[in-house]
Amino acid sequence: MDVLVIGAGVGGLAVARSLLAAGHRVRVYEQAQAMRTGGAGLSIFSNGAAVLNDLGVSLDGVGGRFDRIDALTADGRLRLRSDMAHAAARYGFPSKSISRRLLLERLSEGLPGDLIRYGMACRSVTQDGDQVTATFGDGSTVTGDLLIGADGHHSVVRRALWGDVPIRTATFGTWQALSPIDIDLTRTHVHLMITGREGACGLIPAGDGMLQWWFDVRWSPGDPRPAAPLAELRRRFGHWASPVPEVLAQASEDDLDFFGHHWQKVRRVWGKGCVTLLGDAAHLMPPTLGQGANQTLEDVWVLGRELAKGGDDLAERLRAYEKARYPHISLVSQMARRSPANWRIPPLIGRLVSETSQSAMLARFSNRLTALIATS
């Protein structure tokens, strides 16, 4: 097939790898002028790592592995613990924190140099029989057999299919960074999630002396941004137990980035005809489970599997992909909207939760791990 991909982020590059390997012609169009390298760090759990392995993408030598997640109170008491090493042993893939830039570089390795056309902002998508045409800001058009909208939060492809689908605002926003922080935690394989009345903090070693760190605060779109956000974070969270004060002491305002949490209801059917969606274009949700990139990779795996089944009816294969993904992504989206990273579970209750419960939960989130279990 002749495949058009709109968007060259994690989803666009991953689906391009998948479909090129299957023998299709693929062209990728990205509105940015060059590869996007911002966005601090990403958490890649066993499900996302399994898909990357299928795509021939290795994370060896990059990022930081985390073998457990400790959820703490603001004064340092343990709320609950998740044994991620158990999930790694069960599924064969560890969980890692990695910068978005490094992940995009790994996804790009080995791809044709002329695969991506940058500076191409898609303006509309139309279908005529078994062909689909994308029109760009410069007036140029391209036509193919299949078009995949991997164009994120503000997806033009989604709007062409469904109009202005409501995007809702969640109650939290995140100040995040990936920076060199010289504390003991940075040299471990422990991911900390700390919650208190003031908000939440996440700390994940990301390899090479880097720490992925963020603070969740109550937020609405009308709230003014603080003139000195780092000073505000120090005022709000500086009295929390170690290592939060140490992180804030070494932090730089230049590293900080802010994004508000948004979500949209997951549709049972994402596409029409020979057009479909993947990633945030299909299922925008808050980052509170760390599953955003992982669920995008799940989309790529299922889409590739459905297209490999062949058959004359492409639309039928695309709807089968969307149907297969719906139960898993709907569960993830519903849980993410409830802001579990900000739950203040009492330590007495948290101790009743099995440390290995995350292994089973990952399988419920994942088409890929479900298939792995079925064949093992």
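When hydrophobic residues (I, L, V, M, F, W, Y) are linked wherever their side-chain heavy atoms come within less than 4.5 Å, the members clustered with I167 are L284.
Between G41 and Q212, the closest heavy-atom pair is O-NE2, 3.3 Å. The minimum heavy-atom distance between R17 and L107, with the atom names listed, is NH1-O, 2.9 Å. The shortest non-hydrogen separation linking M1 to H24 is N-ND1, 3.0 Å.
Looking at heavy atoms from C-beta onward, P229 lies out of side-chain contact with F258 at the 4.5 angstrom threshold. Within the 4.5 Å cutoff, the side chain of Y321 has no heavy atoms near those of the R305 side chain. Contact check for D128 versus T133: no side-chain heavy atoms found under the 4.5 Å cut-off. You'll find the side chain of L314 reaches within 4.5 Å of the side chain of L307, heavy atoms only. Looking only at side-chain heavy atoms (C-beta outward), V244 and V247 stay at 4.5 Å or farther from each other. You'll find the side chain of R364 reaches within 4.5 Å of the side chain of M361, heavy atoms only. Between R68 and R81, the closest side-chain pair of non-hydrogen atoms falls below 4.5 Å. In this structure, the side chains of V190 and L203 stay at 4.5 Å or more apart for every pair of heavy atoms.
Evaluated for a ring-ring contact (aromatic ring centres under 6.0 Å, His included) with F45, the options Y91, F365, F66, F93 yield exactly one hit, F66. Partner of Q264 under the side-chain contact (heavy atoms from CB on, under 4.5 Å) criterion, chosen from R158, R168, H153: R158.
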What pairs of donor and acceptor atoms, side-chain ones from residues 109-123 against any protein atom, are under 3.5 angstrom apart with sequence neighbours left out?
none

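Of the possible donor and acceptor atoms, none in the side chain of D216 sits under 3.5 Å from a partner among the backbone N and O of A200. In this structure a side-chain-to-backbone donor-acceptor pair under 3.5 Å is present from D151 to V156.
Between F215 and F237, the ring planes are tilted. Angles from 30° to 60° get that label. Ring geometry for W214 versus H191: interplanar angle over 60°, hence perpendicular rather than tilted (30 to 60°). Using the six-membered ring where Trp is involved, H262 and W219 have ring planes that are perpendicular, over 60° apart on the 30 and 60° scheme.
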request  = Take S155 and L277 through the side-chain contact (heavy atoms from CB on, under 4.5 Å) test and state the conclusion after the steps.
outcome  = CA-CA 9 Å; S155 173; L277 305 172; 4.3 Å; yes
task = Take D83 and Q358, measure what side-chain hydrogen bond (donor to acceptor under 3.5 Å, both in side chains) needs, and give me the verdict at the end.
result = CA-CA 7 Å; D83 183 355; Q358 278 290 327; over 6 Å; no
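In this structure, K323 fails the cation-pi test against W270, since its NZ or CZ atom is not both closer than 6.0 Å to the six-membered ring centre and inside 45 degrees of the ring normal.
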